[in-house]
Every structure is written in structure tokens, then in C-alpha cells.
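Reckoned from all heavy atoms, side chains included, excluding hydrogens, waters and symmetry mates. A, B, ... follow the sequence lines: proteins, then strands. Residue 1 opens every chain. Everything numeric here is computed off the predicted structure, so don't read it as measured data.
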Amino acid sequence: VSDPTLLILASLADGEKHGYAMMEDIERFAEVRLGPGTLYGAITRLEERGLIRPVASEDRRQPYCITASGRKVLEEQTASLDRVLKTVLKRLKHA
Amino acid sequence: MRRWLALAAKLYPQAWRERYGAEFACLLDGVEPRWSDVLDVLRGAVTMQIKAMSSYLKLVAAVAAAGAIVAIVVSFVLPGLYLSSAVIQGGPTNDPQIADRLHQAWFEVTSRGSLSEVIQRPDLDLYKGQRRRQPLEDVIEGMKSKDLKVQILHDHGVSARVSFLYPDRYKAKAVVDALTRKLADHAHLEVAAASLPEAPIGPNRLAFMVWGLSIGLATGVVASSFRWRAKWTMKVIGFGLAGCVIAAALSWLIPNRYTSRSILRVLPTPKADGVQRYMHDAELAAWMQKKEHEILGNESLSQIIQKPELNLYEKEREKQPLETVIETMRRNLKVERPPQLHSAFVISFTYTDRFKAQWVVSALVTRFVDSEVVMTEADLMEYHPPRPPDVDGCISKTWDAYVACITGHLGTVFPAAEKSRQRRSGPESINLLEPASLPETPTAPNRFTVAALGLLAGLLLGMLALRRRPLTVSTQ
């Protein structure tokens with residue numbers, strides 16, 4: 001599970017965050033360190049697809065939040081991952 | 001390390017930096033820099049550049065292709081153009097005199113009067129729609145410059161090919177027939193019947209496609225700019241439009257200027273064989289130099305300027321001495337020799353009042369013509385100036401004897417006779433090929449060009465004023 005876009009959506013699932021906060025959060029929950037170029041490449045793609053959006057801020061740092069379609073995509077992706085995980089676990093148990 | 005990160009960040013596409021640059025710089029400020037981050041940012045920059053370039057090219061290519069398709073469709077919708085042509089045989093030898101005659105005759109055949117008659121002939125009724133929108137003068141100019149062509153050929157002797165391009169093939173043929181008949185009459189040559197074109201030769205669909213593609217490319221570039229730099233593009237376009245509006249408004253403050261022109265031909269005295277020849281360039285130049293000095297001199301122009309019914313350059317005369325105003329008039333007055341027309345010259349004058357412009361040209365034409373009026377023997381016989389009785393004896397003599405007689409006795413009383421005698425050795429007459437035109441449309445200022453220049457200047461100024469600021473990443 002190292003797709004940067006999925007990791008960003010997962011990070012924003014519990015609230016808005018700016019780039020640096022996303023990097024730290026992802027490193028904490030997924031143990032994956034996204035480089036600045038990778039992070040912003042994914043942010044650009046997600047914003048273009050309307051899955052995240054910038055939130056107005058006074059700060060130099062730009063926070064983002066997940067949109068309704070972003071949440072839907074995240075749910076579909078995690079459901080799919082869940083099915084894969086359950087299948088893998090079941091097969092490992094019977095092996 | 002941060003310096004390398006900042007440098008790598010500068011490699012992102014400009015449009016991307018405008019959108020994400022500030023927050024990306026902020027993120028780079030926060031991270032503990034590593035070499036892997038520098039490589040990561042470099043990779044991200046390259047990816048974004050490729051993406052931006054490919055999106056840009058895709059959009060530009062799509063709009064350009066659409067432009068080309070639209071142009072091709074338009075070229076199929078437009079009516080076909082038919083070219084009719086006819087050849088006039090000048091003779092088996094490469095006689096330059098025949099080419100000269102053809103040129104002269106062509107000029108006469110394509111004069112305003114001649115073409116206006118052809119255009120308005122009830123059975124032809126050419127350029128009907130255009131004539132509703134434009135003055136006839138402009139329609140004639142368009143016909144001469146675009147549709148009507150003459151080509152002097154020197155392949156086997158001298159001949160001329162006359163061709164005319166028009167949407168109606170029968171009318172195209174009729175025009176060529178009419179003009180070549182006139183041309184042949186003027187040049188005393190034989191003419192072959194004009195061809196009836198079978199298939200249209202235009203519109204040139206390839207040219208349409210190239211134009212459509214070019215306009216599409218330009219539109220695509222602007223559209224791409226809108227797509228990735230909408231605000232910047234809008235501002236620059238705003239600058240351009242403001243420049244355009246200001247320039248157009250300023251151009252309306254400049255008064256219209258109209259140019260009237262007339263064409264005259266100088267014919268020297270025929271030689272003993274009676275063959276009419278035209279003046280050589282050097283001969284005409286010398287003649288014109290002499291006449292210009294006489295007719296366009298300060299005295300002559302000052303008379304015209306101060307004529308009560310004309311009252312030219314009224315405001316200028318209030319502020320400047322008359323000599324300066326005469327110089328101003330001279331700048332607006334042109335006497336030129338058209339290269340395609342032997343032994344002829346064009347007088348043109350540009351002024352803010354079209355009627356006065358025409359009047360000035362007419363007055364100058366009259367002076368040129370009057371200056372060359374030769375009093376023939378018959379004229380002198382009819383001329384009854386008050387003269388002493390001892391001159392009567394001279395009347396019955398021949399021209400030269402008469403002139404010798406009266407100049408010998410009464411040179412001061414009757415100087416015109418001496419003048420006339422002298423002029424007989426120079427050009428004999430001036431033909432008025434085209435009288436002074438009454439200009440319909442102003443020749444200046446060209447408001448379209450002024451507005452276009454204003455637009456260009458505004459765009460450049462806008463680009464300069466809104467030039468992008470480079471992305472700065474703090475190194476602290």
C-alpha cells in the first residue's frame with residue numbers, strides 16, 4: 001500500500017492538513033516517507049481529479065481537505081484492499 | 001543542500017509554480033533536507049514538465065486541427081472561381097515598341113472609367129454585393145489588384161495574356177472578351193476569343209487549410225495560456241485591449257485625409273514619318289523637373305493655398321509663415337512617374353477635405369495642360385490681340401515666318417507667339433488619362449493599423465508589467 005494518492009486520501013480522511021503534516025502523518029501510520037516531489041505530484045493529480053481541495057488559510061502553508069468524491073474513492077479503494085487482504089489472510093490460514 | 005532543493009524546485013513548469021510554488025517552497029523549508037529529497041524533487045519536476053508539455057501540445061494540436069477542418073469546410077462552401085483568359089498577338093518579332101503599346105493600351109483599358117463601365121454593364125453587373133458595401137473606386141481597385149491580370153509574353157514574338165477570375169464563368173469570359181477587344185483596338189492588334197472555363201480553379205483549398213491551421217495554432221497557444229495561466233492571460237489581454245481602445249480613440253482625433261490623383265501623359269511632337277512615340281525616362285524626367293519648378297513653385301502654390309474658395313491650411317497659416325505652409329503642402333503633393341506607364345506621370349494631393357483635394361489636383365492638371373498648349377497657325381489666325389497695323393503683314397506668312405516676323409517687330413507686344421514657337425520643339429501635348437479623382441474613402445489615418453499597433457503595444461506592455469516572479473525558496 002504505497003500509492004501516494006491513496007496515502008494522501010487516507011491522511012486527509014480525518015481532517016484537513018497541509019503538505020508537511022501529511023508527510024509526517026503518512027510516515028507515522030504507513031511507515032512510508034513521501035518525498036516532497038512525490039507528495040506534491042500526488043496532490044496535483046488529486047486536486048485535478050477533484051478528490052481533494054485547498055482550504056482557505058492565512059498561513060503560508062496550504063491546507064487541503066478531502067472532497068465527497070475523494071471520500072467515495074477512498075472507500076472503494078479500501079473496500080477493494082480489504083477484500084484482497086481477507087482473501088490473502090484466508091489463503092495463508094489454509095495453506 | 002537547501003540550495004540544491006531550491007534549484008530543483010525552479011525546474012517545475014511555470015504554470016505549476018504559479019499555482020503550487022509558494023506552498024511547495026514552504027514545505028521545502030520545513031523538511032530536513034536529504035539528497036534523496038533533491039532527487040525526488042528533480043524527478044517530480046521532470047514528470048510535471050513532460051505532463052505540461054504533452055497537455056499543451058495536445059490542446060494546441062487539437063485547436064489547430066479544428067481550425068484546419070473548419071477552413072477546409074469553408075473552402076468547400078465558398079463558390080468556385082473561374083479563370084477565363086485570352087491572348088492578344090502582337091506580332092512575330094520581339095519588338096519593344098509593341099510591348100510598349102500593349103502596356104499603354106492596357107493602362108487605358110483598365111482606367112477607372114473603362115472598368116467602371118464594364119463593372120456596371122447591365123448584362124455583367126459585376127461585384128453586385130461588394131458594390132453595395134464599398135465605393136465603386138475600391139471595387140475597381142480590388143478588381144485590378146486581385147482578379148484581373150495581364151501578362152506580356154515574349155516567347156514567339158510579343159503577345160499579351162489577359163485573364164480574369166470570377167465566380168460566374170460566363171461573366172468571366174464576357175469580361176475578358178470585352179477588355180481584350182478594347183485592348184486590341186487601342187493597340188491595333190489581333191485578339192483571340194476568350195476561353196470559357198470548364199472547372200473552377202479556386203478557392204485554393206490548400207491555402208485555406210494552411211490559414212486555418214495557422215489561426216488554429218495561434219488560438220491553441222492562447223487557449224493553452226488560458227488553461228494554465230488564466231489570470232495572467234486575462235490581465236495581458238486586458239492590457240492589449242486597453243491599448244487597442246486607446247489607440248483607436250486617439251486615431252479618431254486625427255482628421256481623415258483624402259488623396260485625389262490624376263494621370264497625365266506627355267506626347268512629344270511626332271517625327272516626320274508621323275509615328276507617335278513616347279518620351280524616354282530621362283527626357284520625361286527633364287521635362288518634369290522644368291514643369292515642377294514652374295507649376296509647383298512657391299508662387300503657384302501660394303496662389304492655390306490663398307484662393308478664397310479653397311482657403312487651404314487656414315489654421316496653419318495663422319501660426320506659421322506662408323513659406324512653411326507651402327512646404328507642408330509640397331509634402332502632401334506628389335508628382336510621380338508610374339513605372340508601368342511610359343511617358344506619363346501621376347499628380348496626387350492629400351488633404352483633410354476630399355473636395356478640396358480634388359480641386360487642387362484639377363487646378364494643377366489644368367496648369368500642366370495649359371503650360372503645353374501650343375498655339376497653332378490656325379489659332380494665331382483666330383487670335384486677335386490688339387496690335388499695331390504693321391503686324392498684319394505677318395499674318396499671311398507660314399508659321400515660322402510669322403513668328404520670326406512678329407518677334408522681330410513686336411516681341412514685347414506679343415510675347416506669347418515667341419513662347420509658343422519655342423514650345424513647338426518640346427512636348428506637343430498632354431493627354432489627360434485620368435481626371436482628378438474624388439476620393440471616397442480616406443487614405444489616412446489607417447485606423448485598423450493604429451488599433452492593431454495599440455493592441456500589440458498593450459500586449460507587450462502587459463507581458464512586461466506582469467512578467468512572472470521567480471519561485472524563491474528560503475535557504476534558512
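Sparse packing is recorded around CZ of A:R53, with 12 or fewer heavy atoms of other residues, nucleotides or ligands lying under 6.0 Å away. The number of heavy atoms from other shown groups lying within 6.0 Å of CD (A:E76) is above 12. More than 12 heavy atoms of other residues, nucleotides or ligands lie within 6.0 Å of NZ in B:K149, so this atom counts as buried by the packing criterion.
Once rounded to the nearest 0.5 Å, the distance linking CD of B:E23 with OH of A:Y40 reads 3.5 Å.
Heavy atoms only, all atoms of each residue included: B:M48 and A:G41 are closest at CE-CA, 3.7 Å. The shortest heavy-atom contact between B:D40 and A:G37 is OD2-N, 2.6 Å.
Salt-bridge annotation for B:R19 and A:E48: absent, with no side-chain N of the basic residue lying under 4.0 Å from a carboxylate O of the acidic one. Remark: B:D37 engages A:R33 in a salt bridge, criterion side-chain N to carboxylate O under 4.0 Å.
If you tally non-hydrogen atom pairs under 4.5 Å between each of B:T47, B:V41, B:L42, B:L39 and chain A, the highest count goes to B:V41. The most heavy-atom pairs under 4.5 Å with chain B, out of A:I43, A:T38, A:T44, come from A:T44. Counting heavy-atom pairs under 4.5 Å between each of B:G44, B:G30, B:A8 and chain A puts B:G30 at the top.
A heavy-atom distance below 4.5 Å is not found between the side chains of A:Q62 and B:F24.
Results of the side-chain contact (heavy atoms from CB on, under 4.5 Å) test with B:L27 over A:M23, A:R60, A:M22 single out A:M23 as the only residue that passes.
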